[in-house]
Amino acid sequence: MTKYEPHTYEPTKEVAHYPDDEIDLRELFLTLWRGKWIILATTIAFAAAGVFYALSQPNIYQASVLLAPTQEEGVANGISGQLGGLASLAGINLGGGGTNKTVMAKEILKSRAFLTDFIHRHDLVIPLMATKAWDMRENQWVIDRELYSPSNSQWRTNEDGEVLEPTDWDMVNKFKASHLSISENKENGMVTLSVKSQSPPVAKAWADMLVKDINEHMRQQDVRESEARIAYLEEKLSETNIAGMQQVFYQLIESETRTVMLANARDEYIFKTVDPAVIPQEKSGPKRALIAIVAAMLGGMLGIFMVFLIAFIRNSKTPVT
């Protein structure tokens with residue numbers, strides 16, 4: 001028999017331990033302590049810059065109005081369904097009416113066409129684009145004379161000779177980004193429309209005007225559509241001599257006439273004001289303390305990074321013995 005020598009297993013060698021690969025907390029602390037003045041200096045510098053920036057920002061005030069959608073959406077849809085049934089019997093297509101008008105009104109409020117018309121209708125171009133502050137004592141805007149000349153009512157020109165007058169695109173972008181916000185409570189359907197401005201009375205006035213204008217816009221739109229349907233139905237009525245069809249047309253015309261009457265009799269057509277906007281007494285921004293704290297934190301982190309970077313450069317230059 002072949003005699004096998006017993007196989008010997010060598011113990012597994014431990015992975016070489018390199019102390020340099022570990023984080024030495026004591027050395028880390030000593031590095032930070034040696035660079036404490038750098039960290040302190042950058043923190044103070046950034047904190048001072050944050051305080052200066054925060055103090056240079058004007059106060060912003062916010063006026064909010066709480067709105068409730070009108071409670072006749074279901075009735076309107078029911079009437080629309082009846083109209084559609086009667087119209088189909090007469091072989092007429094009056095168009096779809098199933099779109100939620102509240103959703104449509106909110107989207108129109110944020111649309112470029114509506115906001116452009118709103119800005120020009122109420123002469124908001126100068127307050128929106130050519131002011132730099134609100135004078136609380138005089139209760140008026142402080143015009144930025146580098147952009148606009150109130151003496152001759154003309155916009156300035158830049159170094160290239162281009163007129164600084166803003167376009168409709170610029171005005172709508174600024175209004176949506178800096179002034180207007182719309183939110184909805186999904187649980188109860190309430191809509192909150194908020195307007196921010198450097199002027200407390202202007203914030204309230206713009207919020208009130210937006211609510212009034214969107215109600216009027218939707219009311220006129222529905223009235224125009226109903227009047228167009230009435231004209232169409234009357235034309236079809238004159239083309240038929242069948243008594244049954246004439247009765248259907250009369251009922252359709254009556255329903256559309258009722259829609260016009262109800263729309264004209266109600267000011268708050270789409271949104272009913274639950275809690276009206278008031279002139280804000282306290283600013284909503286800027287958060288100056290938060291700005292200063294964030295600036296100080298950024299300065300501290302930059303200081304720590306600089307200390308570690310300096311230590312790394314020094315260690316890399318130290319010759320290995």
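A distance-only check finds a donor-acceptor pair linking the side chain of Arg156 to the backbone of Arg145 [under 3.5 Å].
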Please list every donor-acceptor pair under 3.5 Å in which a side-chain atom of residues 214-227 meets a protein atom from a residue at least two apart or in another chain.
residue	atom	partner	partner atom	Å
Asn215	OD1	Tyr269	N	3.4
Asn215	OD1	Ile270	N	2.9
Asn215	OD1	Phe271	N	2.8
Asn215	ND2	Val211	O	3.3
Asn215	ND2	Phe271	O	3.2
Glu216	OE1	Arg219	NE	3.1
Glu216	OE1	Arg219	NH2	3.2
Glu216	OE2	Arg219	NH2	2.4
Glu216	OE2	Gln220	NE2	2.7
Arg219	NH1	Asn264	OD1	2.7
Asp222	OD2	Lys101	NZ	2.7
Asp222	OD2	Tyr269	OH	2.5
Ser226	OG	Asp222	O	3.2
Ser226	OG	Glu256	OE1	3.1

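For Arg34, the salt bridge (charged side-chain N to carboxylate O under 4.0 Å, His left out) partners at least two apart in sequence or on another chain are Glu27. Residues passing the ring pair (Phe, Tyr, Trp, His ring centres under 6.0 Å) test with His120, sequence neighbours excluded: none. Residues meeting the side chain to side chain contact (heavy atoms under 4.5 Å, CB included) test with Val103, sequence neighbours left out: Asn100. Partners of Asn152 by side chain to side chain donor-acceptor pair (under 3.5 Å), not counting sequence neighbours, listed by chain and number: Ser149. With sequence neighbours excluded, no residue forms a side chain to side chain donor-acceptor pair (under 3.5 Å) with Asn139.
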Let's go through Leu164 and Gln154 carefully: what are the C-alpha distance in whole Å and the side-chain angles of both, what is the deciding distance for side chain to side chain contact (heavy atoms under 4.5 Å, CB included) to 0.1 Å, and is it a yes or a no?
CA-CA 10 Å; Leu164 297 176; Gln154 292 195 1; over 6 Å; no
Side chain to side chain contact (heavy atoms under 4.5 Å, CB included) for Leu67 and Lys272? Distances and angles first, verdict last.
CA-CA 6 Å; Leu67 304 170; Lys272 181 178 179 62; over 6 Å; no
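Its side chain within the 4.5 Å cluster rule, Val51 clusters with Leu55 among the Ile, Leu, Val, Met, Phe, Trp and Tyr residues. In the hydrophobic clustering, Tyr53 connects to Ile291, either directly or through intervening members, whenever side-chain heavy atoms lie under 4.5 Å apart. Under a 4.5 Å side-chain heavy-atom cut-off, the cluster of Ile, Leu, Val, Met, Phe, Trp and Tyr residues that includes Ile293 is completed by Met297. Applying the under-4.5 Å side-chain rule to Ile, Leu, Val, Met, Phe, Trp and Tyr, the cluster around Val274 extends to Leu66, Met190.
Ring geometry for Trp206 against Phe175 counts as tilted: the plane angle lies between 30° and 60°, on a 0 to 90° scale.
Within the structure, side chain to side chain donor-acceptor pair (under 3.5 Å) contacts touching residues 180-204 (residues at least two apart or in different chains) are Ser64-Ser194, Lys106-Glu184, Lys204-Asp208. For residues 130-144, the set of pairs meeting the salt bridge (charged side-chain N to carboxylate O under 4.0 Å, His left out) definition, not counting sequence neighbours, is empty.
When the side chains of ILVMFWY residues are joined at heavy-atom separations under 4.5 Å, either directly or via intervening members, Val142 and Met129 end up in two distinct hydrophobic clusters.
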